[in-house]
Trainee: 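Can you keep this structure in mind? I'll have questions shortly.
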Amino acid sequence: MTPLNVGEKTVACCLMTDLHYGGYLLADGEYDASYLYDRAFQHGYQLLAPYRKAKKPGCGKHYQSPHRLHSIELLQHPYGQKLYQARREIERDFGNATSFGGGLAPLPAWVRGLPRVRTWVWAKLLINAVRILKHKDLHHP
């Protein structure tokens, strides 16, 4: 969690330092920046994000990450499209975290400071996870 004046791309760069296993990172178009594709690749990941369609990729005067161009190519094939569809499912799962009585909502007045905000958010996400498990009648093995 950061102050509001810190951009999402900056936070994404910082979060990527915690990645260690390799795979795919699924993001929305906000994260379509060559330096993020390069950063993800440095940590063993391929970033997949829809590209801005204002210009044909690779035709501009700016640096185009080869990993960005690979992402654009991958998203045009059935495998990439199916993979990116998982992001929509994740969005749906987290999207309902605010839509029930005990869900995430504006912070109460007593939740101030990073430790309290972090604890409050984690508690709300855990409550939502238990609610989903109960709703789907899933049980821990």
Side-chain angles (χ1 to χ4, degrees), residues 1-108 110-141:
M1 292 183 207
T2 60
L4 289 174
N5 64 347
V6 178
E8 291 183 30
K9 292 177 192 173
T10 303
V11 174
C13 270
C14 293
L15 290 174
M16 285 185 203
T17 60
D18 293 334
L19 300 175
H20 304 291
Y21 301 108
Y24 291 98
L25 291 177
L26 307 175
D28 64 25
E30 170 69 24
Y31 300 92
D32 181 34
S34 285
Y35 70 92
L36 288 176
Y37 289 94
D38 290 343
R39 179 73 171 226
F41 184 76
Q42 289 172 353
H43 293 281
Y45 286 80
Q46 171 63 55
L47 177 62
L48 287 180
Y51 67 94
R52 296 180 296 272
K53 298 179 183 181
K55 295 180 182 177
K56 185 176 177 187
C59 293
K61 297 177 183 177
H62 298 285
Y63 166 73
Q64 293 292 316
S65 167
H67 314 295
R68 178 178 185 265
L69 298 175
H70 178 67
S71 171
I72 292 168
E73 181 182 328
L74 188 59
L75 287 171
Q76 294 176 9
H77 291 80
Y79 173 74
Q81 292 168 0
K82 182 78 172 167
L83 184 61
Y84 194 74
Q85 189 175 3
R87 183 184 177 280
R88 292 184 189 101
E89 294 171 20
I90 294 166
E91 284 282 333
R92 257 192 310 277
D93 289 342
F94 278 105
N96 71 25
T98 62
S99 63
F100 69 99
L104 287 168
L107 296 175
W110 57 270
V111 179
R112 296 294 180 258
L114 184 57
R116 285 186 179 183
V117 171
R118 185 178 287 139
T119 302
W120 190 83
V121 169
W122 277 111
K124 293 298 184 166
L125 290 175
L126 286 170
I127 290 168
N128 189 44
V130 169
R131 185 183 70 84
I132 290 170
L133 288 172
K134 184 172 176 149
H135 175 70
K136 293 184 177 183
D137 198 30
L138 299 174
H139 304 285
H140 189 273

Trainee: Is it true that a side-chain atom of S71 and a backbone atom of H67 form a donor plus acceptor pair closer than 3.5 Å?
Mentor: no
Trainee: Could you go through residues 74-81 and list every donor-acceptor pair under 3.5 Å that involves a side-chain atom there, pairing it with any protein atom two or more places apart or in another chain?
Mentor:
| from | atom 1 | to | atom 2 | distance (Å) |
| --- | --- | --- | --- | --- |
| H77 | ND1 | E73 | O | 2.8 |
| Q81 | NE2 | L75 | O | 3.4 |

Trainee: How close do Y63 and P66 get, heavy atom to heavy atom, and via which atoms?
Mentor: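 It is OH-CD, 3.5 Å.
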Trainee: Could you state the interatomic distance from NE2 (H70) to CZ (F41), rounded to the nearest 0.5 Å?
Mentor: 9.5 Å
Trainee: Without placing hydrogens or testing angles, list every side-chain donor-acceptor pair under 3.5 Å for residues 18-32, not counting sequence neighbours.
Mentor:
| from | atom 1 | to | atom 2 | distance (Å) |
| --- | --- | --- | --- | --- |
| H20 | NE2 | D18 | O | 3.2 |
| D28 | OD1 | E30 | N | 3.0 |
| Y31 | OH | E8 | OE1 | 2.7 |
| D32 | OD1 | Y37 | OH | 3.1 |
| D32 | OD1 | R68 | NE | 2.7 |
| D32 | OD2 | R52 | N | 3.1 |
| D32 | OD2 | R68 | NH2 | 2.9 |

Trainee: Quick one: CG on L69 to OG on S34, what's the gap to the nearest 0.5 Å?
Mentor: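 Reported to 0.5 Å precision, the distance equals 7.0 Å.
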Trainee: Is there a donor-acceptor pair closer than 3.5 Å between any side-chain N or O of T17 and the backbone N or O of C14?
Mentor: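 Yes, the answer is positive, given that a donor and an acceptor are paired below the 3.5 Å cut-off.
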Trainee: Which residues pass the side chain to side chain donor-acceptor pair (under 3.5 Å) test with Q42, not counting sequence neighbours?
Mentor: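 Side chain to side chain donor-acceptor pair (under 3.5 Å) list for Q42, sorted by chain: empty.
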Trainee: Using every non-hydrogen atom in the two residues, find where M16 and A40 come nearest and quote the distance to one decimal.
Mentor: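 Heavy atoms of M16 and A40 come nearest at SD-N, 3.5 Å.
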Trainee: Does the pair V111 and T119 meet the rule for a side chain to side chain contact (heavy atoms under 4.5 Å, CB included), with working shown?
Mentor: CA-CA 9 Å; V111 179; T119 302; over 6 Å; no
